[in-house]
Amino acid sequence: MPTIVTHAAVPLCLGLGLGQKIIPPRLLLAGVVLSMLPDADVLAFKFGVAYGNQFGHRGFTHSLLFAFLMPSLALLFYRWFKVNPVKTWLFLFISLLSHSLLDSVTTGGKGVGWLWPWSDERFFAPWQVIRVAPFSLEKYLTPAGHAVIMSELLWVWLPGAILMTGMIALRKFMQRK
């Protein structure tokens, strides 16, 4: 998995790039929270649930069904986000789905349970470029931990920043017309 902070990159870069008129701060915050939510499944380790179990890490909370249902539940509060329901659902869906997509391009783990509950199979993307993050915070102080951070900067944050900057520039250009 990428680090929990890196999972926030997609909604942050997308939301800031689109601007507050399209993605208000409350919706942006909800997108960040939902982008991190699937990793709450690591709590299952405390209850003896194995990593590869459908309720273990990268299991049902990383599924397409979960990515569909959570934004759908959030629609109960769409007025709080100050955006129409379609934009609310779409932004939250992209934010949540980005989590499992990022996990699928890491160099470790057992894959992502996208098709739960229809299948227990785990999947990876055709390429794995992001170094898998350790579960232990102390390991980030080692050369391997530094390599994880550099990998995330290169493969997630840099493209996100470029996309965000391009979107901001396009918005500014369109406002001048």
Side-chain angles (χ1 to χ4, degrees), residues 1-43 57-106 112-116 123-133 140 148-177:
M1 73 180 174
T3 57
I4 195 76
V5 173
T6 291
H7 281 298
V10 173
L12 282 174
C13 293
L14 186 59
L16 295 174
L18 289 169
Q20 286 188 27
K21 288 182 181 177
I22 297 173
I23 307 296
R26 289 177 179 182
L27 182 58
L28 180 60
L29 176 63
V32 167
V33 169
L34 283 187
S35 73
M36 297 175 176
L37 180 62
D39 277 344
D41 63 8
V42 298
L43 296 174
H57 188 52
R58 293 188 179 178
F60 87 97
T61 61
H62 290 62
S63 70
L64 296 172
L65 179 64
F66 190 79
F68 177 84
L69 289 177
M70 292 308 293
S72 299
L73 286 173
L75 286 182
L76 295 171
F77 309 100
Y78 85 89
R79 285 192 173 105
W80 185 78
F81 297 122
K82 300 182 180 180
V83 179
N84 74 51
V86 173
K87 285 182 186 176
T88 298
W89 188 88
L90 191 60
F91 182 72
L92 295 178
F93 175 75
I94 290 168
S95 298
L96 185 51
L97 185 62
S98 71
H99 185 107
S100 62
L101 292 174
L102 287 175
D103 278 1
S104 76
V105 296
T106 61
V112 177
W114 279 323
L115 298 180
W116 179 88
F123 299 90
F124 278 105
W127 59 95
Q128 285 84 49
V129 293
I130 301 172
R131 293 205 181 195
V132 71
Y140 287 101
V148 167
I149 293 167
M150 293 306 296
S151 172
E152 291 180 5
L153 289 171
L154 176 65
W155 294 106
V156 182
W157 288 101
L158 179 61
I162 291 169
L163 177 66
M164 178 184 68
T165 303
M167 292 168 73
I168 292 170
L170 181 62
R171 267 193 301 119
K172 300 288 183 191
F173 177 77
M174 297 303 280
Q175 287 173 352
R176 288 187 192 152
K177 288 189 168 189

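These numbers come from the heavy atoms of this one structure, side chains and all, not from hydrogens, waters or symmetry mates. These numbers come from a predicted model, not from an experiment.
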Only counting residues at least two apart or in another chain, list the ones meeting side-chain contact (heavy atoms from CB on, under 4.5 Å) with [X].
{"X": "V105", "answer": "A125, W127, I130"}
{"X": "R79", "answer": "none"}
{"X": "Q128", "answer": "T107, F124"}

Spell out, as yes or no, whether a donor-acceptor pair under 3.5 Å connects the side chain of R26 to the backbone of W80. yes
Judged by atom type as modelled, is there a donor-acceptor pair below 3.5 Å linking the side chain of S151 to the main-chain atoms of R131? yes
Could you label the plane-to-plane angle of the W114 and F123 rings as parallel, tilted or perpendicular, counting under 30° as parallel and over 60° as perpendicular? parallel
I'd like a table of donor-acceptor pairs (distance under 3.5 Å, sequence neighbours excluded) in which one partner is a side-chain atom from residues 161-171, with atom names and distances.
unit_1	atom_1	unit_2	atom_2	d
T165	OG1	A161	O	2.7
R171	NE	G17	O	2.8
R171	NE	L18	O	3.2
R171	NH2	L16	O	3.2
R171	NH2	G17	O	3.4

Among V148, D103, V156, the one residue meeting side chain to side chain contact (heavy atoms under 4.5 Å, CB included) with P2: D103
Do F91 and P11 touch side chain to side chain, with heavy atoms closer than 4.5 Å? yes
Side-chain donor-acceptor pairs under 3.5 Å in residues 63-76, sequence neighbours left out?
unit_1	atom_1	unit_2	atom_2	d
S63	OG	F60	O	2.8
S63	OG	F66	N	3.0
S72	OG	F68	O	2.7
S72	OG	W89	NE1	3.0

Residues in side chain to side chain donor-acceptor pair (under 3.5 Å) with T88, at least two apart? none
Once side chain to side chain donor-acceptor pair (under 3.5 Å) is applied, do any residues pair with T6, and if so which ones, sequence neighbours excluded? T3, E152, W157
From H99 atom NE2 to H7 atom NE2, the distance as rounded to the nearest 0.5 Å: 3.5 Å
Over all heavy atoms of both residues, which pair between D41 and T61 is shortest? Give the atoms and the distance, please. OD2-OG1, 2.9 Å
